Amino acid sequence: MNNDHVSTDETPSGNGPYRHDESDGGHRFSSRFAFVLVAIGAAVGLGNVWKFPYLAGENGGALFVLLYLVFLVAIALPILIAEVLIGRRGHVSPPHALMRQAAEFTGRTGRGWYVIGIAGLFFGLVIMSFYSVVSGWTFDYMWTGVTQGFGAFDPDHSRGHLAALQASVPRLLAMQGLFILLTVTIVALGVRRGIEAAMRWMMPVMGVLMIGLVAYALITGASGRALSYLFSPDWSKLTVPVAAAALGQAFFTLSVGLGGMMTYGAYLPDRASIVRACTTVALTDTMVALLAGLAIFPIVFAEGLDPAGGPGLIFVTLPVAFAGMPGGDLFGVTFFAFLFLAAITSAIALYEPVIAWLEERGIRRLHGTLIAAGSSWLLGIVTVLSFNFWKDIHPLAWAGERFAAATPFMAITLGLDNLVLPVGALLIAWFAGRLLPEPAVVEQLSADPRRVARLFRLAVRWWAPIGIGALLVFNLTGITAG
Ligand code: PHE
């Protein structure tokens, strides 16, 4: 069934047939550790450092953080495990992995699942469209640090700087283009081993930088206020929109809901424990998000910035911290450089499934890469214009007050978090919990104790779909009623 890409890969781990492409420098990971590194690369990115803090700020802080943590462990982690499991069973790109296994177990063609898989890839490119624009900002800020330093960044200057960047269409397009260009160069060269190797030192350095930043923020900023803002929940603020935002962010941050992680699952050695690998990924990812929150909010409160400042939050806040810090220019430049690299490793996870699928359809790797890059760059124009010419266009105004001010860019991120990712996660839960028969699942989880597989089945058959489904229904009825 999946032997049309039989590999002669020399790597000793695993025993199934694998897709393999010589130009790619090896499609299979050398070990579970290598998978963990690259999956962490996919998970840790702007979602942790940029999106998590601004969503926490917009949704009132601690309660959002708590719900996010609960949903991450109880719902998003099982979905991640499900994606990796489906991917490893299939050893092919998401649409083919879904279609073939659906055909295998339902006796039908599996075409419907194929289309669902393609939809997932398409929405990955939609994520990439805004992800690339915001990643471009990180590059722009790094460049500002190199050429001017952050010395002049008081809160007013900082707001003005971001506003000037967002007003300039050529600058936004150039930075976005640069980000996409760098990402596709890496993807087209297929330097998976290179990524693996880079991740080995990038992640520790990133960790040290984050901890340094947190220490500075806690010592010099309004740490008491920040801590209670982030960690003492006010239950009276519990609403469906807050919970839905937390769930959407839990999916986004682990890169699940679109099937993309199936691609990395396909490269995971057969005997490696999926559960342990995915748990490591989720733990690391959560640590980075919490560190980002701890770095940003003490400064936000100390400088009288607005926690609900929206997507510009870290770009306004962090330079103010760098301005006050000894050695702040060097620190700031290094920080933005690493955030940029972390964004690249996530972006690769958005392109790779598309390119893998196109490759299986006989399209050359280079051409596939150009198709994916070109379409995400074009789609990205919507985001670019949302900060200037289209900033008064509000496509979701019909959906009530909550979305009244959303620009096209915000509409895209809200649509993904509130609708696309939860629906995708539901479908994946259905696939892993109800379409795949129990023995197929148990076989994939054989590296772990039997009760882990039982727990996983319970999660994808019952509590994840019930939780996601209930929130989707309440959230959507709230929107249409509002
Ligand atoms: N998880 C990435 C982040 O938090 C974003 C991402 C989402 C990457 C979906 C790939 C797929 O930055």
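Whatever order the structure lists them in is the order used to number ligands and atoms, beginning at 1. All values derive from a computational prediction rather than experimental measurement. As a basis for the values below, the full set of heavy atoms in this structure was taken, side chains included, without hydrogen atoms, waters or symmetry mates.
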Exercise. Would you say F122 and V354 make side-chain contact, with heavy atoms under 4.5 Å?
Worked result: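 No - every pair of side-chain heavy atoms lies 4.5 Å or more apart.
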Problem set entry | Check: L370 and V184 side chains under 4.5 Å, non-hydrogen atoms | no
Exercise. Is there any N or O on L254 that sits under 3.5 Å from an N or O of ligand 1?
Worked result: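 Min N/O separation from ligand 1 is not below 3.5 Å for L254.
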Exercise. Do ligand 1 and V44 have nitrogen or oxygen atoms that lie under 3.5 Å from each other?
Worked result: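 No, no N or O pair falls under 3.5 Å.
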Exercise. Of all the atoms in ligand 1, which lie at a distance below 4.0 Å from a heavy atom belonging to G47?
Worked result: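 Heavy-atom distances to G47 below 4.0 Å select 3 (C), 4 (O), 12 (O).
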Problem set entry | Exam field: side chain T138 to backbone A337, donor-acceptor pair closer than 3.5 Å | no
Exercise. Going by atom types only, do S376 and Y351 share a side-chain donor-acceptor pair under 3.5 Å?
Worked result: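 Indeed, the side chains of S376 and Y351 share at least one donor-acceptor pair under 3.5 Å.
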Exercise. For residues E352 and T263, is any side-chain donor paired with an opposing acceptor at under 3.5 Å?
Worked result: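 There is no such pair (donor and acceptor under 3.5 Å, judged by atom type) between the side chains of E352 and T263.
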Exercise. Are more than 12 heavy atoms from other residues, nucleotides or ligands located less than 6.0 Å from atom CZ of F474?
Worked result: no
Just let me know how [X] lines up against ligand 1, side chain, backbone, both or neither, with a heavy-atom cut-off below 4.0 Å.
| X | answer |
| --- | --- |
| A42 | backbone |
| F252 | both |
| A43 | backbone |

Exercise. Is there a heavy atom of Y131 sitting under 4.0 angstrom from any atom of ligand 1?
Worked result: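 It does, in that a heavy atom of Y131 comes within the 4.0 Å cut-off of ligand 1.
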